[in-house]
Amino acid sequence: MASLVSSPFTLPNSKVEHLSSISQKHYFLHSFLPKKTNPTFSKSPKKFQCNAIGNGLFTQTTQEVRRIVPENLKGLTTVKIVYVVLEAQYQSALTAAVQTLNKNGEFASFEVVGYLVEELRDENAYKTFCKDLEDANIFIGSLIFVEELALKVKSAVEKERDRLNAVLVFPSMPEVMRLNKLGSFSMSQLGQSKSPFFQLFKKKKSSAGFSDQMLKLVRTLPKVLKYLPSDKAQDARLYILSLQFWLGGSPDNLVNFLKMVSGSYVPALKGVKMDYSDPVLYLDSGIWHPLAPCMYDDVKEYLNWYATRRDANEKLKSSNAPVIGLVLQRSHIVTGDESHYVAVIMELEARGAKVIPIFAGGLDFSGPVERYFIDPITKKPFVNSVVSLTGFALVGGPARQDHPRAIEALMKLDVPYIVALPLVFQTTEEWLNSTLGLHPIQVALQVALPELDGGMEPIVFSGRDPRTGKSHALHKRVEQLCTRAIKWGDLKRKSKAEKKLAITVFSFPPDKGNVGTAAYLNVFASIYSVLKDLKKDGYNVEGLPETSAELIEEVIHDKEAQFSSPNLNVAYKMNVREYQKLTPYATALEENWGKAPGNLNSDGENLLVYGKQYGNVFIGVQPTFGYEGDPMRLLFSKSASPHHGFAAYYSFVEKIFKADAVLHFGTHGSLEFMPGKQVGMSDACFPDSLIGNIPNIYYYAANNPSEATIAKRRSYANTISYLTPPAENAGLYKGLKQLSELIASYQSLKDSGRGPQIVSSIISTARQCNLDKDVDLPDEGQEIDAKERDLVVGKVYSKIMEIESRLLPCGLHIIGEPPTAMEAVATLVNIAALDRAEDDISSLPSILAATVGRNIEEIYRGNDNGVLRDVELLRQITEASRGATSAFVERSTNSKGQVVDNSDKLTSLLGFGINEPWIQYLSNTQFYRADREKLRVLFQFLGECLKLIVANNEVGSLKQALEGKYVEPGPGGDPIRNPKVLPTGKNIHALDPQSIPTTAALQSAKIVVERLLERQKVDNGGKYPETVALVLWGTDNIKTYGESLAQVMWMIGVRPVADTLGRVNRVEPVSLEELGRPRVDVVVNCSGVFRDLFINQMNLLDRGIKMVAELDEPEDQNFVRKHALEQAKTLGIDVREAATRVFSNASGSYSSNINLAVENSSWNDEKQLQDMYLSRKSFAFDCDAPGVGMMEKRKVFEMALSTADATFQNLDSSEISLTDVSHYFDSDPTNLVQNLRKDGKKPSAYIADTTTANAQVRTLSETVRLDARTKLLNPKWYEGMLSTGYEGVREIEKRLTNTVGWSATSGQVDNWVYEEANTTFIKDEEMLNRLMNTNPNSFRKLLQTFLEANGRGYWDTSEENIEKLKQLYSEVEDKIEGIDR
């Protein structure tokens, strides 16, 4: 059905295979397979169909399961209590307490109703809550930290506060804490008063110490307050006692708590004597074991008890048993809601591991971790790995975190740190039925925050019973968690010589020339360098060849076949029976792929595992998705399951090779993008099934934190960052170089008679270099005056300086080989080009501009407008920046080019004014009067950055991970914007999703939006665009702290509002007066990765857009409303639904697949690509029903796109540009919008480039030309790539393929780009032979891409060019097949 032949062009001699397409069925495996219900929750016979039932929220439980109405037969006073809590562990203890009180029924009868804070999202639940408060006596709240819900609680309780007899709020957001009132005790002054109580809530350093200080206060204050006479002191004392009772949480404590509060504050009980006992105090922190006679405060005592246990077998008591540390929440233990903890302890012991379970009452676990897990004498850990079952960050829980303090404690401990998750906001069935998996608020609090501590493996281990609210273990998940914790611990216990490592490389798109693909990485040279290091370190790497080139040969060629065999080396043949025995989920794959073995990675009888073993190291090739060559499958809106060959690979690694760890080598494979829940996998999610029990270590590019985070969450990876190659300036070559020489001579001779003559040479050379598309050039021979001559030269000059100074990563990085100091110069120059106001560091260009009395922003503007004087000045500033930085670097390195790490050298440089190398350099330029102090501060900072750039810990961190140690976490992102990304070799994390967009990001976003709208007005006859279609990427928003997110907000005219803890969970409209223009409508396409990482922000955007659509404003000033009203009328739906604008893929699916179709040439025409985009990207997020996940809303999507006047994307770092990766064109809807628009007009396409301090908005075609000139056609770039050999040829081919992708989705690629590429790589005989001999497979693909560009009508060229390409294709085909003619 789908074959290459059906494309409109054919390849000579190509051996066409019909690509598999067994699936004409248009439905896909539902993420969750029917499976036997777990006995723990099989009580309820009713099955939920899916999460969309009920209110469309995340939780369908209601307060009614927590309501107790007494049968008050004795006519006693009724006390009504309403409580709101974050988690349900208090439900059973409170229920038991109230039942006890009512049974004894002496003084009063108690009515109680409880709400989980999350339930208050539901309008009906909220109404009932307000109604319940109307006749309540006492309100209790605890751990209310979600702003929108905190505000709901506040407004409801505030109305009743004066009437209520008592309001008790335990640690929550300040807004809610201020509601507290107990007699004369109140916290309404919270945050202003000087009393010690309120100092606790002050922001900054104490962060998590808050709860610890609170606990100390709770311990000591009642004793002190008891002797103070005033009522005020007694009321304060009772508040503290209440807190003690509450933290003590057991039914007994809660009985006494309710007696005390109602006896003291309910007027009807004033004269009644209600005796209550003091709180039973439990240890604040200690060690707890369900079978131990007591809680222990001393680890030695606990271990003594452990050694004498009668119920434990000898294996468990042996000194060789693995030891796992557990971190528990005290509230679960004291309230008796600990069955899920018991299950984990029992499972670990059943698997032969000793357990040290510690708990803490506050929110700071760093002290207990150091106290109980580390031997005070030897300073060595007692445990081999640690699992936190709290789900919270180590320090600060859901409130304010202190990550540096957590990291410090974990570095001392130095063992793998796993943070598992109890379900907090959902019941078990809600989670099982949800395609999203975990509730977004839980993802923000309990997945994103622990990652900042270096926590990994967010495995859901316990669920919640909807009736009792009690936690119960999910047995399958507990097994997975415990096995993995022990496996990580084993890495600490096994010797290096016996450890087995499976290194996994990727091949994408599937072609032998692509084995070992990874972003910016020379994969085989890196593997070779890592293996040499491991061998030296005592690992068994027997038979490792002499060079990395031989390593490639051995993995890529099957030695038994003839030398140039087309097959990869087969490491193992797995017959079907063995495959089925080792792969329990094999039958689940049959719906998509038929019976095993299938025809991928198989010889018809066996499944083939490709790779090569060296001693205890296996280097294997991960199979691909399998559907990339099949146009029918690429159209499906949900992605297919892995195929049998893919599953067989991981079964081999885990069960036959028996790997102790797998190392995924480079960014990135397909394991973590397989179907399943977004976060919080169940056993039916494919990433979870595939990775099985193997510890997963993953080398990831430091500048890609978003996809690294997907790998952490979905494939349980410990991600270790590697550096991208050192950047260099693109420089000038051929005609561009000639132009710059002509411009230099024009500047010195412009006032002589030769001026006009030189200008006409400049104009004709610029035409030869195809610059006429970018600059308006006068016709040849046209007379122009001196002023116009200057302007023409200025514009051409500005364009070639833009090309010259563009940063490119040169070559590919090799792990363990940091750049030399001189290679780091271009990166440092760019770090120096940014103002860093928060650190009081001025940028070098602004310091130099000030020296000549100018403002750098003005110079940037003048340069962009082609003002010759400014273009020249900017070039001088740039040159002076480079010179001063080089002079500095030369002085801080030794003769070998290594950075000398002696601060004395820096201090001496920084100490002697005149001798400072940058001052010496600048003294010979016009900038000799630059501000010394500012320069000194800047170069001190650059000195720090230089050390970080050349530091090398990539192999060191891998060894730490392999030895079962803790890998220090660090942010991922762009080292130029955020040098904290360095040094590499850290466990990459993203950021707290609730912290974006920041104020700075909003400022930058405003500038870009205004420039975009100005540019569009110029191109659109002075009219504002009514709609802009744009893309939100995960990585961009992490690097820029939410700039593109803020751009969307500014287009529609809303601004983010941060709460008291600095988290952004709300937006408010900006008035039209302040905006000064109409609100622009948007269609937001979120990448699958953005959807997974920032679902809270999608919620925020959707709320913002719907809020704007409902504003009562004139339609010509509010295009969101205008279009929503039109669409609501046409589709017969309400305005809110018609204002749906936030789209992405279905949960668990990624990308529009256009990239796969283009890379594998498996598409017929552009309409097919557009259908893929519509079918895969039309899933909407709805803030009114967030629990439903992504819902298909294709009609609204098409109508919204049909109003777009412009499409828009952001480029945010110099390393990744439009043709470097296929994601950008994969998300480009330019041609699609033209087809959907009623007038058939092509929308303008823009790209914002914020990679330098001088942010630009260019058209898409300008950006593609800039990219081609600086990369594909630039000798500096392609020679840098070719110097890496085999991988370099593939990089060149990839850029050309991505250029064809842009032709296909936008039609914005000029013919000359293909023509010049053909001249560079094909017409040059020497170049052609280099490519053919270095990597014949990728060279064949390059030829195929040229022929395809011509066949599809994107490149018009001479007949002889095409003939030559066809002839070469047939030659290289024969060479690959090994036929000598």
Side-chain angles (χ1 to χ4, degrees), residues 728-808 826 859-860 862-879 882 1217 1249 1252 1254 1256 1258-1259 1261-1279 1310-1317 1319-1320 1324:
E728 288 184 43
N729 298 100
L732 298 171
Y733 53 93
K734 300 182 185 161
L736 297 169
K737 200 166 185 166
Q738 223 177 326
L739 262 179
S740 103
E741 287 155 10
L742 283 169
I743 292 171
S745 52
Y746 171 76
Q747 284 184 295
S748 52
L749 300 171
K750 66 177 185 181
D751 299 330
S752 67
R754 296 205 32 221
Q757 186 190 340
I758 299 175
V759 169
S760 67
S761 306
I762 288 176
I763 292 170
S764 66
T765 314
R767 276 225 160 75
Q768 281 160 13
C769 294
N770 300 296
L771 285 174
D772 48 339
K773 305 266 195 320
D774 299 280
V775 180
D776 271 342
L777 296 173
D779 297 331
E780 307 251 343
Q782 184 186 338
E783 287 287 309
I784 49 175
D785 62 25
K787 194 172 163 195
E788 272 189 53
R789 279 202 298 271
D790 269 6
L791 194 62
V792 168
V793 174
K795 286 199 161 150
V796 173
Y797 194 8
S798 161
K799 198 75 215 164
I800 63 171
M801 287 321 296
E802 175 178 68
I803 295 168
E804 190 279 336
S805 62
R806 190 94 176 147
L807 273 195
L808 349 148
I859 302 174
Y860 287 149
N863 169 74
D864 297 348
N865 294 328
V867 178
L868 187 56
R869 196 177 66 118
D870 287 350
V871 181
E872 176 59 25
L873 178 57
L874 185 57
R875 187 190 64 79
Q876 290 163 346
I877 288 177
T878 308
E879 258 175 36
R882 288 177 194 170
S1217 194
D1249 175 345
T1252 61
N1254 182 13
Q1256 300 283 343
R1258 302 189 185 93
T1259 64
S1261 53
E1262 282 168 355
T1263 314
V1264 171
R1265 288 194 288 272
L1266 180 60
D1267 237 30
R1269 289 183 177 121
T1270 51
K1271 293 206 170 138
L1272 188 62
L1273 307 174
N1274 182 358
K1276 192 169 186 177
W1277 180 83
Y1278 60 71
E1279 287 300 342
D1310 301 317
N1311 200 65
W1312 67 263
V1313 173
Y1314 293 112
E1315 197 62 47
E1316 290 282 320
T1319 307
T1320 306
D1324 177 337

Quick one, Tyr797 with Arg875, criterion side-chain hydrogen bond (donor to acceptor under 3.5 Å, both in side chains). Give me CA distance, side-chain angles, the key distance, then yes/no.
CA-CA 10 Å; Tyr797 194 8; Arg875 187 190 64 79; 2.6 Å; yes

Pair Asn1274-Tyr733, side-chain contact (heavy atoms from CB on, under 4.5 Å): steps then yes or no:
CA-CA 7 Å; Asn1274 182 358; Tyr733 53 93; 3.4 Å; yes

Tell me, yes or no, whether the heavy-atom count around Lys773 atom NZ, taken from other residues, nucleotides or ligands under 6.0 Å, exceeds 12.
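Enclosed: over 12 neighbouring heavy atoms sit under 6.0 Å from NZ of Lys773.
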
Please check if the number of heavy atoms outside Arg754 that lie under 6.0 Å from its CZ is greater than 12.
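Count not over threshold, so no.
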
Determine whether a donor-acceptor pair (N or O, by modelled atom type, separation under 3.5 Å) exists between the side chain of [X] and the backbone of [Y].
X       : Y       : result
Glu788  : Asp785  : no
Thr878  : Leu874  : yes
Asn729  : Ser805  : yes
Thr1319 : Glu1315 : yes
Arg882  : Ala826  : no

Minimum heavy-atom distance [X]-[Y], with the two atoms named:
X       : Y       : result
Arg789  : Ile784  : NH1-O, 3.2 Å
Ala1268 : Val1313 : CB-CG1, 3.8 Å
Pro778  : Val792  : CD-CG2, 3.9 Å
Asp870  : Asn863  : CB-N, 3.8 Å

Taking the side chain as every heavy atom from C-beta outward, state whether [X] and [Y] have any pair of such atoms under 4.5 Å apart.
X       : Y      : value
Lys795  : Leu771 : no
Ile877  : Leu873 : yes
Lys1271 : Leu808 : yes

Please tell me whether Asp1267 and Ser1217 have a donor and an acceptor in their side chains that are separated by less than 3.5 angstrom.
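A donor-acceptor contact under 3.5 Å links the two side chains.
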
Could you check whether Asp790 and Tyr746, counting side-chain N and O atoms only, form a donor-acceptor pair closer than 3.5 Å?
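Side-chain D/A pair, Tyr746 to Asp790: present.
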
Can you list everything that forms a side-chain hydrogen bond (donor to acceptor under 3.5 Å, both in side chains) with Glu1279? Sequence neighbours excluded, please.
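Arg1330.
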
Listed partners of Arg1265 passing side-chain hydrogen bond (donor to acceptor under 3.5 Å, both in side chains), at least two apart
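Testing Arg1265 for side-chain hydrogen bond (donor to acceptor under 3.5 Å, both in side chains), a comparison that skips the adjacent residues, returns Asp774, Asp1310.
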
Check the pair Asn1254, Asp864 against side-chain contact (heavy atoms from CB on, under 4.5 Å), reporting the backbone distance first and the verdict last.
CA-CA 9 Å; Asn1254 182 13; Asp864 297 348; 3.2 Å; yes

Just do the salt bridge (Lys or Arg N to Asp or Glu O under 4.0 Å) check on Lys734 and Glu741 with the steps written out, would you?
CA-CA 11 Å; Lys734 300 182 185 161; Glu741 287 155 10; over 6 Å; no

Could you go through Ile800 and Lys737, starting from their C-alpha distance and side-chain angles, then the distance that decides it, and tell me whether this counts as side-chain contact (heavy atoms from CB on, under 4.5 Å)?
CA-CA 9 Å; Ile800 63 171; Lys737 200 166 185 166; over 6 Å; no

Between Ile763 and Asp779, does a side-chain contact (heavy atoms from CB on, under 4.5 Å) hold up when you go through it step by step?
CA-CA 8 Å; Ile763 292 170; Asp779 297 331; over 6 Å; no

Would you tabulate the side-chain donor-acceptor contacts of residues 755-762 under 3.5 Å, counting partners in other chains and residues two or more places apart, or write 'none'?
unit_1 : atom_1 : unit_2 : atom_2 : d
Ser760 : OG     : Gln757 : O      : 2.9
Ser761 : OG     : Gln757 : O      : 3.4

Could you grab the distance from atom [atom1] of [X] to atom [atom2] of [Y], nearest 0.5 Å is fine?
X       : Y       : atom1 : atom2 : result
Gln768  : Leu739  : CD    : CG    : 9.0 Å
Cys769  : Trp1312 : SG    : CH2   : 9.0 Å
Thr1270 : Trp1277 : OG1   : CH2   : 9.5 Å

Do you know which of Arg1269, Arg1258, Gln1256 makes side chain to side chain donor-acceptor pair (under 3.5 Å) with Glu802?
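When Arg1269, Arg1258, Gln1256 are each tested with Glu802, the side chain to side chain donor-acceptor pair (under 3.5 Å) holds only for Arg1258.
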
